[in-house]
Number of protein chains: 2
Amino acid sequence: MIGRRRGASTTKDQILEAARHAFAERGFDKTTVREIAAMAGVDPAMINHHFGNKEQLFLAALDAPVDPRLYVEQVLTGSREDIGERLLQTMLTVWDSPVGTAGVTLMRTGLQHEWGAKLLREFLLNRILAPVMRELHLPEPEARWRSTLLASQVAGLIITRYVLKLEPLASAPRQDLVAAIAPTLQRYLTGPIPPPAL
Amino acid sequence: MIGRRRGASTTKDQILEAARHAFAERGFDKTTVREIAAMAGVDPAMINHHFGNKEQLFLAALDAPVDPRLYVEQVLTGSREDIGERLLQTMLTVWDSPVGTAGVTLMRTGLQHEWGAKLLREFLLNRILAPVMRELHLPEPEARWRSTLLASQVAGLIITRYVLKLEPLASAPRQDLVAAIAPTLQRYLTGPIPPPAL
C-alpha cells in the first residue's frame, strides 16, 4: 500500500487488495478471478480489462505494495561500508509488515511453478539486485557472482523466517538478525570473495 | 542409493525407487500410490503393507537415499575450525548427486504444505543440525540460535542453486561456493555472534 494512496480508492486498488488477500490465503492455483471479483465487488470483466489474466493480476498484486525503486534508493543512500546493514534493515522492515504475506505467496509460487520461478528470478535479480549492484560499479561477471551469493542468504532468511518459521529465528527482533546476518551480506557485496572459476 | 545396495533389489527398494522418480517428476500431490505401484510392478496393497500411506512413503523415499548419520559423522570428523567448510562440502556433494532431485521435491513440498514444512523442519533441525550442534557443546539457547542462522544460509543456497537456478551460482564449481560461503557457515557456528535478545 506504501506510496499508493492518492485520494479515494479506485476499482483497480480494490481488485489488487482483494487479489493480495486471496492469493496469500489460498495460493495462486486455488484462487479464481471470479472469486477475487466477488471479494472486490466488481464484475470479473473489470479484472480482465484492467489486468489481462490471472498471472498478470498476481504480478500486479505482488508489485503493488512494494515499489522496489523506493526501497532500493533507501539502501543506496549512505556509505558503501554499511550497505549490507541497510539492505537487511529495509528487507526485514518490508517483510515484517503486511506486505510480507504477499511475499510468502511469491516465494511459494516461485518455488512450485516454472513460471513462478521465472517471475521470482526476474523480480529478485533485475528489480531488486541489479540497481544495487550498479551502484557498486563492479565488473559485470563479478557483480553477477556477488549478487547471487547475496540472493542465497536473503532468500534463505525469507524461507526460514517467514515460510518454514524456524525458531528462534522466526521471532527474533530485527536488530538481532541484523547483528548476525548483515556482516554476511556486506562481505558478499564488498568483501574479499574469490571470483568463480567459470 | 548410497549405503543401501546389499545384494538383490527387494520389493521395498523397487517401490522406493519408483516413488523417488514419481515424486521428483510430478510432485507429491499429483503422484498416486497406484501409479507408483504400477511403476514398481507391484500391487498397491504391497505399498500399504510396507509403508502405510502416501506421506509415509514420501518420507521413506526422501530418507532412503541419504542416511544423515553417515554425513553428519563426516562433518564432525576433524577440527572445529573447519566445520563450516566440511558441512558445505558434504552438503554440496549430496545435492549435486542424483539425491538432490529428491531433495528439491522435499524443499518444494515443505514450502507448499503445512505438513511438508513440519517434515522439513523436523528433518533439518533434528536429524541434520542437532547432532552437529551437540558436538559444539554450546548452551541450548545459543545452539538453537546458531543452528537457525546456519539453516538460513544453507536453505537459501539450496533454493537459489537447485530450485530457482540463479546463474552463475547454479553452475558454479563446488570449490567456488566453498570459498565464498564456508566462512559464513563457520561464523554462524563458532564465530562471534551476539546472542538474541529473546
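First the proteins, then the strands, lettered A, B, ... as listed; each starts at 1.
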Derivation and outcome, side chain to side chain contact (heavy atoms under 4.5 Å, CB included), residues A:T160 and B:T148: CA-CA 8 Å; A:T160 45; B:T148 52; over 6 Å; no

Would A:Q153 and B:I181 count as a side chain to side chain contact (heavy atoms under 4.5 Å, CB included) if you check the C-alpha gap in whole Å, the side-chain angles of each, and the deciding distance to 0.1 Å? CA-CA 9 Å; A:Q153 175 64 83; B:I181 296 176; over 6 Å; no

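Between A:A179 and B:R187 the shortest heavy-atom distance is O-NH2, 3.6 Å. Minimum interatomic distance between B:R144 and A:P168 (heavy atoms only, all atoms of both residues): O-CD, 3.6 Å. What you find for B:W145 and A:A172 is that their closest heavy atoms are CZ3-CB, 3.7 Å.
No part of B:R146 comes within reach of chain A, as not one of its non-hydrogen atoms sits under 4.5 angstrom from that chain. Within the 4.5 angstrom heavy-atom criterion, atoms from both the backbone and the side chain of B:L149 approach chain A.
Annotation for A:R34: atom CZ does not count as buried by contact number, only 12 or fewer foreign heavy atoms lying within 6.0 Å.
Most heavy-atom pairs under 4.5 Å with chain A, from the set B:S147, B:A155, B:A180: that is B:A180.
Taken together through direct or relayed side-chain contacts under 4.5 Å among Ile, Leu, Val, Met, Phe, Trp and Tyr, A:M46 and A:M39 form parts of separate hydrophobic clusters.
Here CD1 of B:I159 is found 11.0 Å from OG of A:S152. Values are rounded to the nearest 0.5 Å.
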